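In what follows, a structure is listed as structure tokens, so that the remarks can point back to it.
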Amino acid sequence: MIDLTWVEIDKNALSENIKTLRKIVGDETVLCPCVKGNAYGHGLILSSKVFLENGADWLGVNSLYEARKLREAGIKAPIYVLGYLGFDELEEAISMDLRIVIYNEETVLKLKEILKGRTFNVHIKVETGNNRQGVKISEILDFAKLCIDSGLTIEGLSTHFANIEDSTDHSFAFKQFDVFNEAINLLERNGITIKYKHSANSAGTLLFDEVKMNMVRPGIACYGMWPSNETFISSREKNRLTTLKRALTWKSKIAQIKNVDENEFIGYGLTYKTTRSSKIAIIPIGYYDGYDRGLNSPYVLINGKRAFVRGRICMNIIMVDVSDIPEAKIEDEVVLIGKSGDENISAELFAKWAGTINYEVTTRINERIARILL
Ligand SMILES: Cc1ncc(COP(=O)(O)O)c(C=O)c1O
């Protein structure tokens with residue numbers, strides 16, 4: 001324990017998840033775990049190292065900032081940047097030998113200007129129905145020719161599914177996949193062959209062999225979480241009985257214990273009034289740390305027992321009711337997300353309190369908080 005709050009990462013779980021994904025996709029497919037968002041909150045560098053040690057080929061980041069951190073940590077594996085890079089970031093991206101996703105003519109022209117004879121690997125993003133990044137199929141041939149004429153190497157073609165994890169009906173995903181294949185065929189008919197073709201995120205990788213192509217970009221599954229209930233249900237319906245292992249536990253410790261009389265208020269706005277003489281524990285974390293102020297009836301775990309948050313969540317402090325945990329004392333460990341005894345606060349349960357999804361919950365645990373590999 002090195003701070004008032006810390007995140008423990010189960011190395012074995014991360015290793016097992018990557019090995020499981022490798023088994024699903026086979027040895028011929030590039031396995032590119034997404035480590036953007038501080039590795040979905042699990043710690044960029046430590047997660048990346050564990051993934052690479054256990055069979056990952058590439059790493060997927062969102063930004064130059066993340067790519068730079070990886071290179072500074074001595075990681076030499078190919079890095080694929082999924083997000084937009086500004087014009088003034090391109091030179092550094094080239095010098096770090098990144099591969100970037102590309103979909104803007106303006107970026108191609110800027111690259112041409114600064115490459116000056118050097119080559120650079122790009123992956124064209126095809127617009128297939130997500131309407132986020134992407135080049136429309138009607139424009140893809142001209143775009144690819146512009147890339148080639150500008151000295152770029154089109155190393156890959158990619159797309160991203162809009163509705164593969166939010167439903168057990170995967171028809172929209174397969175419509176997108178058809179458009180993606182049409183784009184590949186169109187380029188290949190015109191003599192443009194592409195080394196890596198990729199569309200699969202976690203749900204695609206877990207559910208369908210046909211979308212894995214020769215590269216996959218799973219994120220959430222690498223950390224042992226399912227993209228959604230729908231994906232889990234679909235996997236069972238298809239008898240694809242993958243087991244994923246959760247890697248993250250978020251902890252803090254009790255900073256103070258106090259007795260509060262019946263009918264007293266707790267916290268800002270007097271939102272909570274005790275209904276009995278209560279024992280309250282003060283925990284030194286708050287919304288600054290990622291413990292969302294909007295949580296609906298959350299609790300923490302102390303000694304395997306639930307202690308409900310009382311009153312408003314503050315920037316750096318929460319107050320929890322330990323009246324029924326008489327043994328609780330200052331400096332005792334508190335589990336905010338994870339297991340304690342027979343109890344478990346999963347990222348999904350936390351997400352339900354927050355009105356969001358597991359992705360957001362773990363990703364928003366403040367980057368400042370230490371990640372400790374166990
Ligand atoms: C382009 C792209 N590929 C892959 C992923 C990984 O998705 P998942 O975490 O659902 O596996 C993401 C995540 O947002 C993404 O934006």
Side-chain angles (χ1 to χ4, degrees), residues 14 17-18 20-22 24-25 29-42 44 47-48 51 56-63 66-67 78-85 98-104 122-135 156-168 170 172-173 176-177 180 196-208 211-232 234-235 240 242 244-248 347-348 351 356-364:
L14 293 183
N17 294 332
I18 282 295
T20 298
L21 291 165
R22 170 59 74 202
I24 291 173
V25 302
T29 296
V30 170
L31 178 54
C32 175
C34 291
V35 293
K36 61 191 184 134
N38 197 24
Y40 290 49
H42 291 62
L44 175 66
S47 302
S48 297
F51 292 156
D57 302 301
W58 294 24
L59 296 168
V61 301
N62 179 62
S63 62
E66 293 165 341
I79 296 174
Y80 175 61
V81 184
L82 302 118
Y84 175 72
L85 291 184
L98 308 180
R99 24 278 279 174
I100 69 167
V101 65
I102 201 158
Y103 42 83
N104 284 325
V122 295
H123 292 223
I124 297 178
K125 187 81 165 256
V126 186
E127 177 48 65
T128 60
N130 200 11
N131 279 312
R132 210 167 67 166
Q133 302 161 312
V135 180
L157 210 63
S158 72
T159 196
H160 191 49
F161 294 118
N163 196 36
I164 199 164
E165 61 263 315
D166 288 303
S167 173
T168 52
H170 301 103
F172 193 84
Q176 285 188 263
F177 194 57
F180 188 47
Y196 298 116
K197 296 144 194 167
H198 47 111
S199 60
N201 54 4
S202 295
T205 308
L206 292 165
L207 297 181
F208 303 107
V211 302
K212 78 173 192 204
M213 310 188 98
N214 63 351
M215 176 166 165
V216 293
R217 312 179 307 259
I220 194 113
C222 306
Y223 308 97
M225 294 179 281
W226 283 80
S228 62
N229 275 336
E230 286 82 353
T231 308
F232 183 77
S234 296
S235 77
R240 290 171 72 101
T242 309
L244 298 174
K245 294 189 172 166
R246 286 165 192 285
L248 180 145
E348 292 72 26
T356 185
I357 51 174
N358 47 6
Y359 291 71
E360 185 176 349
V361 166
T362 59
T363 303
R364 290 188 69 180

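In listed order, ligands and their atoms are each counted from 1. Residue numbers count from 1 along this sequence. Computed from a prediction, not measured in an experiment: that's the story for all the values here.
For atom 11 (O) of ligand 1, the nearest protein heavy atom (residue, atom name, distance) is Ser202 OG, 2.5 Å. When only non-hydrogen protein atoms are considered, atom 7 (O) of ligand 1 lies nearest to Asn201 CB, 3.4 Å.
Lys36 counts as a contact of ligand 1, since one of its heavy atoms falls under 4.0 Å from the ligand. Distances from ligand 1 to the non-hydrogen atoms of His198 include no value under 4.0 Å.
Using a 4.0 Å cut-off to heavy atoms of Arg132, the atoms of ligand 1 that qualify are 1 (C), 16 (O). Residue Ile220 has at least one heavy-atom neighbour below 4.0 Å for each of these atoms of ligand 1: 8 (P), 9 (O), 11 (O). Close approach of ligand 1 to Cys34 (heavy-atom distance below 4.0 Å) involves ligand atoms 4 (C), 5 (C), 6 (C). Annotation for ligand 1: atoms under 4.0 Å from non-hydrogen atoms of Pro218 are 11 (O). For ligand 1, the atoms lying closer than 4.0 Å to a non-hydrogen atom of Tyr359 are 8 (P), 9 (O), 10 (O). Below 4.0 Å from some heavy atom of Tyr40 lie the following atoms of ligand 1, by number and element: 6 (C), 7 (O), 8 (P), 9 (O), 13 (C).
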Side chain to side chain contact (heavy atoms under 4.5 Å, CB included) for Met225 and Leu244? Distances and angles first, verdict last.
CA-CA 7 Å; Met225 294 179 281; Leu244 298 174; over 6 Å; no
Under the side chain to side chain contact (heavy atoms under 4.5 Å, CB included) criterion, do Tyr223 and Leu14 qualify, and how do the steps go?
CA-CA 6 Å; Tyr223 308 97; Leu14 293 183; 4.0 Å; yes
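No donor-acceptor pair closer than 3.5 Å links the side chain of Ser202 to the backbone N or O of Pro218. Side-chain atoms of Lys125 never come within 3.5 Å of backbone atoms of Val101 as a donor-acceptor pair (strictly under, hydrogens ignored). Looking only at distances, a side-chain donor or acceptor of Asn38 sits under 3.5 Å from a matching main-chain atom of Leu44.
Any N or O atom pair closer than 3.5 Å counts here, and Arg217 shares at least one such pair with ligand 1. Between Ala221 and ligand 1, no pair of N/O atoms sits closer than 3.5 Å.
Summarising the geometry of Val25 relative to Lys212, their closest heavy-atom pair is O-NZ, 3.2 Å, with the distance given to 0.1 Å. When every heavy atom of Glu66 is checked against every heavy atom of Gly37, the shortest pair comes out as OE2-N, 3.0 Å.
Of the heavy atoms in Leu82, only side-chain atoms (C-beta onward) come closer than 4.0 Å to ligand 1. Of all the heavy atoms of His160, the ones lying under 4.0 Å from any atom of ligand 1 belong exclusively to the side chain.
Defined by atom type and a distance below 3.5 Å, a donor-acceptor pair is present between the side-chain atoms of His198 and Arg217. Counting only N and O atoms by type, the side chains of Thr231 and Ser234 include no donor and acceptor under 3.5 Å apart.
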